[in-house]
Participant: 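One structure, pasted below without further comment.
Lettering of chains follows the sequences in order, A, B, ..., and the numbering in each one begins at 1.
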Protein chains: 2
Amino acid sequence: MPPKRRRSYHHGDLSRALVTEAIGTIQRGGAQALTLRAVGEKLGVSRTALYRHFPDKSALLAAVGREGFRTLRDRLRHAWRRRGGGQSGLEAMGAAYVQFALDHPSHYRVMFGGHLAGKSARDPELEREGAAAFETLVEALVSLQQQGTIRLDPPLRLAQYIWASVHGIAMLAIDGQLREPAQGIVDLANERIRTGIAL
Amino acid sequence: MPPKRRRSYHHGDLSRALVTEAIGTIQRGGAQALTLRAVGEKLGVSRTALYRHFPDKSALLAAVGREGFRTLRDRLRHAWRRRGGGQSGLEAMGAAYVQFALDHPSHYRVMFGGHLAGKSARDPELEREGAAAFETLVEALVSLQQQGTIRLDPPLRLAQYIWASVHGIAMLAIDGQLREPAQGIVDLANERIRTGIAL
DNA sequence: ACCTGAACACCGTTCAAGT
DNA sequence: ACCTGAACACCGTTCAAGT
C-alpha cells in the first residue's frame, strides 16, 4: 500500500483548496474563526504553506470575497434566465440576492463588511468581480428598457438604487433586525421599485 | 506640585474613558486597530484594567455600538425637529443618517458589521439602543399619519422599508461602491419613499 | 474597590532549511 | 517549485498579589 497518499506535495491545487476550506470555516464560525493554523491543519499542511500561494491572510480573504461575488452573479443570472427575463425576472433576481445573503451570512459579510478594506485585500480582481455582479443588474435593466417596458432613466442610477435597497434588506435580515421572513418589506420594496422604474 | 495627578486610581470614570478611547481608536484605524493593550497604554493604565469594568473585549465593543446608536438617534431627532417635522423633516432624517455613516464609517460598521454577533456583545442593552434609534423613525411616520399627510399603512413596515433603503445606501457609500457624493441615488430613494408613503 | 505584573494559550508572519 | 519547523512579535485573558 502507498505510504500516505503522494509524497512530494499534498495537493494538486492547494491554492484552490485553501479558498474552499476558508469559505467553509467562515460559513461555520464566522470570519473571526478563520485561522491560518486551523485551515492548514484541516488540509494536512503546514500553517505557513499558504504563503506559497498568497502574500498574506488578507489576500486569502480577498479570494473568499471574489468567490462570493462570482457565485452571487451566477445566482442572479440563473434567476433572471429561469423567468426568461422581464419584470418577473427582475423580481426573481432580488429574491435570489436576499436568499444568497441568508444562505451565506458570514460569507456575505466578508464581501461587504469592510474586512477587505486595507492592505492587499483591496485588489483590482475583487473589484472586478464585484462590478461584474453589479453589471448583471444593469444588463437586466437595459434589457427591460430595450423591450420598452421601463423608463429610460440612466440604468446605472436605477441599478444603484435597487442594489442599495436589496442590500439594505439583506443586511438587516442577516443582523436579525427584521421580524418574520421579512416578506412584508420585500413586497413593499418590490412594489416601490416596480412603480419607480415603470414607464 | 502634585506628583502626577492623583494617586489611588487613575480615572474618575475609567469605564467611560475606555469607551471614548475605543471609539477614537476605531475611528482612526478601524475595528481591527482596537487593542486592549493600545487603549490601556493611551489611558496610562494597565492593559488588564479593563476587566474591572467589562467582562471582556466584546463587551467593550458592545458599549461602542450602544454609544453609536445613541448619537445616531440624537442626530435623527435633531434633523427632524430642526425642520419642524413633516415630509421635509423625514428627508432631513434620511440625510442625517447617511451623513452619520459617512462621518463615522468604522463606528457604523461596528454597529452593523456583525462584530456584535456572538458572546456577551449580544446584550439586551445594545438591542434596546438600536430599537430606540429605529423608534425615532417610526414615531416620525406616526406623526405624519396623525397629520393626515401620509398613508395609514402599518408604520412598522414602512419604517423597515425606509430603514433598509437608507442603510443600504449608507453601506454602499462607505464601501466606496458609489461614484460621486451619491446624490443621484439619494434623490431617487427620497422620491420613491415619498410617493411610496403618499396618500 | 480598583489596579498591576507575570504568565498562558493563542495569533500572523519571517526565514533558514529541507525535498 | 513547494513545503516545513523553529522563532518572533503580537494578541486576549487569568490570576495571585498589591494598595
Participant: Does atom CZ of Arg75(A) have more than 12 heavy-atom neighbours from other groups under 6.0 Å away?
Facilitator: yes
Participant: List the atom of Arg151(A), the atom of Gly196(A), and the distance in Å for their closest heavy-atom pair.
Facilitator: NH2-O, 3.3 Å
Participant: Checking contacts here: which listed nucleotide (dC15(C), dT13(C), dT13(D)) is nearest the side-chain heavy atoms of Leu36(A)?
Facilitator: dT13(C)
Participant: Which of parallel (below 30°), tilted (30 to 60°) and perpendicular (above 60°) describes His104(B) and Phe100(B)?
Facilitator: tilted
Participant: With heavy-atom distances below 4.5 Å as the criterion, would you say the side chains of Phe54(B) and Val19(B) are in contact?
Facilitator: yes
Participant: How long is the line joining CZ of Arg52(B) and P of dG12(D), in whole Å?
Facilitator: 16 Å
Participant: Of all the heavy-atom pairs spanning Leu14(A) and Ala49(A), show the shortest one and how long it is.
Facilitator: CD2-CB, 4.1 Å
Participant: Can you find a side chain N or O atom of His53(A) that sits less than 4.0 Å from OP1 or OP2 on dC3(D)?
Facilitator: yes
Participant: What are the two closest heavy atoms between Asp56(B) and Tyr51(B), and how far apart are they?
Facilitator: CA-CE2, 4.1 Å
Participant: Taking atom CZ as the centre, does Arg70(B) end up with more than 12 heavy-atom neighbours from other residues, nucleotides or ligands that are less than 6.0 angstrom away?
Facilitator: yes
Participant: Using a cut-off of 6.0 Å, state whether more than 12 heavy atoms not belonging to Glu191(A) lie near its atom CD.
Facilitator: yes
Participant: Can you tell me how far P of dT4(C) sits from CG of Leu50(B), to the nearest Å?
Facilitator: 12 Å
Participant: How long is the line joining CG of Asp13(A) and P of dA1(D), in whole Å?
Facilitator: 17 Å
Participant: Please enumerate all protein N or O atoms sitting under 3.5 Å from an N or O of nucleotides 5-10 of chain C, with distances to 0.1 Å.
Facilitator:
residue: dG5(C); atom: O6; partner: Thr48(B); partner atom: OG1; Å: 3.2

Participant: Output the rounded distance in Å from CZ (Phe54(B)) to P (dC3(C)).
Facilitator: 12 Å
Participant: What integer distance in Å separates Leu43(A):CG from dT4(D):P?
Facilitator: 11 Å
Participant: For Watson-Crick and G-U wobble pairs within 3.5 Å on both distances, what is DNA chain C written in dot-bracket notation, | included for inter-strand pairing?
Facilitator: ||.|||||...|||||.||
Participant: Under the ring-ring contact (aromatic ring centres under 6.0 Å, His included) rule, collect the residues that match up with His167(B), sequence neighbours excluded.
Facilitator: Tyr108(B), Phe112(B)
Participant: Which is true for Leu34(B) with a 4.0 Å heavy-atom rule: it touches a base, it touches only sugar-phosphate, or it touches nothing?
Facilitator: sugar-phosphate
Participant: Rounded to whole angstrom units, what separation is found between the CD atom of Glu41(A) and the P atom of dC3(D)?
Facilitator: 17 Å
Participant: Any idea which of dT13(D), dT14(C), dC3(D) is nearest the Tyr51(A) side chain?
Facilitator: dT14(C)
